[in-house]
Each structure stands twice: as C-alpha cells, then as structure tokens.
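Proteins get letters first, then strands, A, B, ... in listed order; numbering begins at 1 in each.
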There are 2 protein chains.
Amino acid sequence: MGTTQLESVQEPKYWHLKTVLSEALDSDFAVGEILPNERDLAARFGVARATLRQALEQLELEGRLQRRRGVGTTVAPPRVGVAVSTDQREWADGVGSEAWQPLDSTMAKAPAPVAAMLGTDPADPVHVVRRIRNTQGQAVAAELLYVPASSVPDLSAIEAPSGPVRARSVLRKLHRLGLQGQDRSVELGSARADDAKELDRLPGAPVLVVTTRYFTADGTAAVSVATYRADTCRLTFGDSGALEISHDEQSERQAS
Amino acid sequence: MGTTQLESVQEPKYWHLKTVLSEALDSDFAVGEILPNERDLAARFGVARATLRQALEQLELEGRLQRRRGVGTTVAPPRVGVAVSTDQREWADGVGSEAWQPLDSTMAKAPAPVAAMLGTDPADPVHVVRRIRNTQGQAVAAELLYVPASSVPDLSAIEAPSGPVRARSVLRKLHRLGLQGQDRSVELGSARADDAKELDRLPGAPVLVVTTRYFTADGTAAVSVATYRADTCRLTFGDSGALEISHDEQSERQAS
DNA sequence: GAGTGGTCTAGACCACACG
DNA sequence: GTGTGGTCTAGACCACTCT
C-alpha cells in the first residue's frame with residue numbers, strides 16, 4: 001500500500017491493533033459501553049475482519065472486552081476477585097457464605113486422573129456433586145465434586161436419588177468429616193460444553209481449572225474440579241488473615 | 001457436499017476436529033513425537049488450514065501440543081507442577097531452592113495498579129528486580145519484583161548499579177525484613193513482548209499472572225508480578241504441610 | 001427481518017529454524 | 001534453500017438476539 005509507512009515495524013498488525021484499541025478503551029470508553037461492530041471496526045482500521053478479530057480475542061482473553069453473539073462487543077468491567085477459600089471450616093458447606101449453589105448429585109465413574117487422586121478404582125462409580133458459584137449475580141464457576149462412596153457411608157437411599165436435595169445431603173454428610181488438609185492446583189483449560197453452558201460462554205472458552213484435594217486422616221475424602229471463567233475472574237488466595245482488601249484498581253498489566 | 005452426513009451436528013468443525021485429534025494424541029502418539037505439518041493435516045481432514053489451526057490452538061492452550069515456528073508441532077509432555085510457595089521463610093531468597101535466577105535490578109516507575117498496592121506515588125521510581133524461574137531446565141516464569149526504596153534503605157550506591165549483582169543485593173536486603181504475611185491472586189493474561197522472549201514464546205502467549213503482595217508490620221514491603229507459561233505449567237499451592245505428592249497423571253480433564 | 005458475532009474457505013506472503 | 005508455523009486477506013455463510 002502507501003509508502004507513508006516509515007513505521008515498517010516488525011510487529012504483527014493484530015498486535016499493534018490490540019495496543020491501539022487497548023488505549024482507546026482506557027481513554028474513550030466507559031465500562032459497559034458498546035463498541036462499533038467488527039465489520040465497521042475492521043474497515044476503520046483498514047484491516048481484514050479476521051485480523052481485527054485476532055486483536056479482539058486477545059483483549060477478551062485479558063478481560064478487557066466481552067463479546068456476545070447477536071448482541072455486540074462491550075467494554076468489560078474489571079475482573080472480580082474471587083476468593084478461593086483456604087478456610088478449612090466450610091469446605092463443603094452446602095449453604096456456605098460463598099454462594100455455591102448445589103445443582104444435583106449422581107453416581108458416575110470418575111475420570112482417570114481424579115480416580116488416581118482419590119485412590120479408587122477408575123471403574124468404581126463415585127458421587128458426583130455439581131455446583132455453581134455465583135458472585136454479584138454472575139455465574140463465575142462450575143464445579144464437579146467427586147466423593148467416593150466410602151467417604152459418605154450409609155447415605156440413605158430413601159432420600160431423593162438425584163437433584164439438589166440429594167446434592168445437599170451428600171454435602172451435609174461430607175461436611176461432618178474432619179478435614180485435615182487440602183492440596184490445590186490451578187491451570188488453564190477450556191470449557192467443556194456443559195460447563196460453558198452454565199457459565200454462559202461458548203464451548204472452548206478459557207477457564208481456570210482449580211483442582212482441590214480434600215483429605216482426612218484416612219486419606220483423600222473428595223476431589224473438587226472447579227472451572228472458573230478466566231475472562232472475568234481473578235482468583236485470590238488469602239494466606240495470612242489477609243483481609244479481602246479492595247484492589248479495585250484494574251489488574252491490567254499486560255500488553256507491551 | 002455428500003449426503004452421507006446424517007451426523008448433521010450443530011458442532012463446529014474445529015471443535016470436532018479437536019476432539020478427534022485429542023483422541024489420536026492419546027492413542028497414536030508419544031510425548032515429543034512430531035505431527036504432520038499443518039497443510040498436510042488440513043488436507044487429510046478435508047478442512048481449510050485456518051480451521052485446522054483453530055483446533056491446534058485449543059490443544060496448545062490445553063497443554064497437549066507444542067508448536068514452534070520453523071520447526072513443527074510436537075506432542076507436549078504433561079504439565080509440570082510448579083509450587084507457588086506459601087512459605088514465609090524464603091520469600092525473596094536470591095539463591096532459593098526454587099531456582100529463581102536474578103537477572104538485574106533497575107529503578108523505574110511502577111505501573112499504576114502496583115503503585116496502588118505498594119501505597120507509593122505512581123510517579124516515584126521503585127526498585128524493579130527481574131527474575132526468571134527455571135524448572136527442569138525450562139524457563140517457566142518471569143517475574144518483576146517491585147520494591148519501594150523505603151523497604152530497602154541505605155542500599156549502597158557503591159555496589160553495581162544494575163545487573164545480577166545489584167539484583168542480588170536488593171534481594172538480600174529485602175530478605176532481612178521480617179515478613180508478616182502475603183496476599184496472592186492468579187489471573188489469565190497474555191505475555192508482554194519481553195516476558196515472551198524470556199519464556200521462549202511468542203508475544204501474546206497465554207500466561208498465568210501471579211500477583212503477590214508481601215507485607216510487614218509497616219505495610220506492603222514489595223509486590224511481585226510473576227507470569228507463568230500457561231501452556232506448560234500447573235500452579236500448585238501447598239496448603240497444609242501437604243507434601244509435593246506426585247500426580248504424574250496428566251491433569252487433562254477438558255474437552256467435551 | 002436486520003444486525004451481531006462465530007465459523008469457514010482458499011488462497012498469499014512472511015519470519016524463522018535447520019541442514 | 002526448503003520446510004515449518006505465523007500473519008493476513010476478502011470473501012461467504014451460519015447461529016443467535018432483539019425488535
């Protein structure tokens with residue numbers, strides 16, 4: 001094209017675009033404001049729509065934008081800090097303070113890695129409790145709690161065999177166990193189809209997978225696999241009586 | 001095309017492809033093995049290269065693949081568990097057990113959010129110590145440690161003004177402070193150009209950003225912003241004397 | 001039905017690694 | 001130089017939401 005481009009940088013267009021957009025977002029847009037549509041934006045910047053989309057994808061990954069099919073692209077609010085409890089006392093609290101909402105409980109085979117952590121036979125079915133975590137009216141996480149039958153013996157068959165009622169009764173039994181410790185890991189993943197639906201995202205959306213192993217004196221009592229929306233969440237770990245201090249400041253620190 | 005597709009699923013091609021590839025990886029490929037190139041793969045599956053790439057990108061995000069320009073696509077080893085220390089004692093240890101390698105130390109203005117956490121004026125320069133973390137011969141994280149001058153008073157100007165020597169002297173001074181607690185958060189980000197270089201990734205690569213605030217009785221003594229490679233790392237948090245148990249099992253649990 | 005973002009195509013050229 | 005993944009284009013059609 002034009003020869004006016006002395007800036008023959010070795011920087012990809014989408015990367016440069018992302019920077020420009022990011023700055024525009026800071027200065028010219030308010031949270032919740034809706035951006036021009038992708039075709040217009042692409043035209044305005046003189047790039048193909050695919051290139052523009054590559055920039056938008058990055059910004060969405062960083063929690064700066066929110067895109068919804070059929071609606072548009074909006075400026076995202078700062079990520080919400082979500083406390084990943086280190087607190088022993090309410091590890092499986094069905095009505096816990098942190099708004100975990102039990103959906104149902106079924107018996108199913110645990111995935112191989114989970115079975116390995118539980119120390120159970122991969123072929124043995126375990127209780128699988130499904131929960132959703134809400135924060136500020138938004139679903140931020142979906143969890144599968146794997147509980148070996150041995151952790152919750154004599155769970156009466158009289159009670160509802162599934163549904164929230166059943167889930168709560170499993171959690172209640174679990175809650176009575178003395179928790180000795182836990183073991184946690186965080187990694188990047190992509191949302192399975194069912195998780196995506198609960199989280200109001202498309203399948204494959206980036207999520208932070210928090211795997212927690214709860215153990216008692218007898219060994220591993222349960223394993224939780226919680227998937228948090230990576231676009232909207234910042235996981236916080238309170239280590240030492242650290243109060244939930246308000247860093248309302250955006251945690252934006254990426255982009256070159 | 002053909003009408004043989006009774007499977008007129010509403011599933012995107014790239015998603016289905018990803019599933020197929022994922023299964024193929026499990027059964028037909030060994031770790032480190034090199035895949036056919038993208039053009040061949042795309043042809044083999046009868047899709048455009050862009051579509052094939054969308055599937056590969058997802059698999060790379062999930063830590064199943066590793067792609068390197070000019071080289072090829074290989075099967076990635078399971079993610080390494082990287083301990084994010086909750087240990088007070090060696091929080092700023094220059095020669096710590098966890099292989100943090102100090103690179104240099106400079107004076108610079110901290111980003112606004114960091115300055116807010118430090119409680120310093122955003123215009124005031126602070127010490128910025130740059131460190132790299134190696135695990136199993138691989139760079140897994142790059143860190144910027146922001147230390148207000150007030151935390152390390154009387155740092156002699158006689159010592160090297162920059163470089164690893166300087167970095168170590170800042171860390172040494174810091175290490176002598178009594179640490180009272182820390183406060184940590186984890187979120188998804190994308191690698192800045194300089195981080196990407198240290199981590200042997202392209203700019204924009206997904207990273208887990210671990211922000212740690214170290215505080216003493218006097219307030220916040222330092223803030224660390226560490227970016228971990230999201231593709232190869234699983235962050236582990238030992239909560240309760242929990243030994244670094246070997247879950248050699250892959251932590252693959254995504255994909256529908 | 002109109003407008004949005006999501007998927008897909010079939011090309012092209014570029015930057016990089018390696019022999 | 002050759003082959004790889006990375007970027008980019010200019011289209012097309014689809015799925016969804018809103019009115």
Side-chain angles (χ1 to χ4, degrees), chain A residues 1 5 8-19 21 33-61 64-76 190-191 193 196-197 200-206 231, chain B residues 1 5 8-19 21 33-61 64-76 190-191 193 196-197 200-206 231:
Chain A
M1 307 218 168
Q5 280 291 79
S8 77
V9 287
Q10 219 54 7
E11 196 179 44
K13 273 190 192 178
Y14 79 91
W15 186 261
H16 182 246
L17 238 186
K18 180 194 138 182
T19 309
L21 283 171
E33 197 168 345
I34 182 166
L35 266 62
N37 72 53
E38 297 183 348
R39 289 159 181 90
D40 284 356
L41 275 179
R44 184 173 313 187
F45 287 105
V47 300
R49 191 176 155 221
T51 305
L52 186 267
R53 277 180 61 81
Q54 219 175 332
L56 293 185
E57 259 148 43
Q58 284 251 357
L59 289 170
E60 191 180 26
L61 200 78
R64 309 280 318 263
L65 291 180
Q66 198 160 339
R67 298 192 288 173
R68 270 178 308 168
R69 167 152 52 178
V71 180
T73 302
T74 56
V75 180
S190 46
K197 197 176 172 189
D200 189 29
R201 299 258 57 198
L202 290 171
D231 55 344
Chain B
M1 307 212 165
Q5 281 288 82
S8 76
V9 287
Q10 220 54 5
E11 196 178 45
K13 274 191 191 177
Y14 79 92
W15 186 261
H16 183 244
L17 238 186
K18 180 194 137 182
T19 310
L21 284 169
E33 196 167 344
I34 182 167
L35 266 62
N37 72 53
E38 297 183 348
R39 289 159 181 90
D40 284 355
L41 276 179
R44 184 173 313 186
F45 287 105
V47 299
R49 189 174 157 225
T51 305
L52 185 268
R53 277 179 61 81
Q54 219 175 333
L56 293 185
E57 258 148 44
Q58 284 252 357
L59 290 169
E60 192 180 26
L61 201 77
R64 307 282 315 264
L65 291 180
Q66 198 159 339
R67 298 193 286 172
R68 270 177 307 170
R69 169 154 50 180
V71 179
T73 302
T74 57
V75 180
S190 45
K197 196 175 174 190
D200 189 29
R201 301 258 58 198
L202 290 171
D231 56 343

Discussion item. Base, sugar-phosphate or nothing for B:Leu202? Non-hydrogen atoms, less than 4.0 Å.
Written reply: sugar-phosphate
Item to complete: For the pair A:Arg68 and A:Asp200, find out whether any cationic side-chain nitrogen is under 4.0 Å from an anionic carboxylate oxygen.
Response: no
Worksheet item: Are any of the side-chain nitrogens in A:Arg201 or A:Glu60 under 4.0 Å away from the carboxylate oxygens of its partner?
Response: yes
Please state how far atom [atom1] in [X] lies from atom [atom2] in [N], giving the value in whole angstrom units.
| X | N | atom1 | atom2 | result |
| --- | --- | --- | --- | --- |
| B:Lys18 | C:dG6 | NZ | P | 17 Å |
| A:Phe45 | D:dT9 | CZ | P | 13 Å |
| B:His16 | C:dT7 | NE2 | C1' | 16 Å |
| A:Gln54 | C:dT7 | CD | P | 14 Å |
| A:Trp15 | D:dC8 | CH2 | P | 12 Å |
| A:Lys13 | C:dC13 | NZ | P | 14 Å |
| A:Arg67 | D:dC16 | CZ | P | 17 Å |
| B:Leu52 | D:dT7 | CG | C1' | 16 Å |

Picking from [options], which would you name as closest to the side chain of [X]?
| X | options | answer |
| --- | --- | --- |
| A:Glu38 | D:dG6, C:dC8, C:dG5 | C:dG5 |
| A:Tyr14 | D:dC8, C:dA10, D:dT9 | D:dC8 |
| A:Arg49 | C:dG5, D:dC8, C:dC8 | C:dG5 |

Worksheet item: Less than 4.5 Å apart, any side-chain heavy atom of A:Leu21 and any of A:Leu52?
Response: yes
Can you find a side chain N or O atom of [X] that sits less than 4.0 Å from OP1 or OP2 on [N]?
| X | N | answer |
| --- | --- | --- |
| A:Thr51 | D:dT9 | yes |
| B:Thr73 | D:dT4 | no |
| B:Asn37 | D:dT4 | yes |

Worksheet item: If you look at every heavy atom in B:Tyr14 and B:Ala55, which pair is closest and at what distance?
Response: O-CB, 3.5 Å
Item to complete: Identify the two heavy atoms, one from A:Leu35 and one from A:Leu41, that lie closest to each other, and give their separation to 0.1 Å.
Response: CD2-CD1, 4.3 Å
Taking only N/O atoms, report every protein-nucleotides 16-19 of chain C pair under 3.5 Å with atom names and distance.
none

Discussion item. If you assign each of A:Arg39 and A:Pro12 to its closest nucleotide in DNA chain D, which residue comes earlier from the 5' end?
Written reply: A:Pro12
Worksheet item: After noting the C-alpha distance and the side-chain angles of B:Leu59 and B:Lys18, does the key distance pass the side chain to side chain contact (heavy atoms under 4.5 Å, CB included) rule?
Response: CA-CA 7 Å; B:Leu59 290 169; B:Lys18 180 194 137 182; 3.8 Å; yes
Fill in: Identified salt bridge (Lys or Arg N to Asp or Glu O under 4.0 Å) counterpart of B:Glu38 within the set B:Arg69, B:Arg44, B:Arg67
B:Arg67
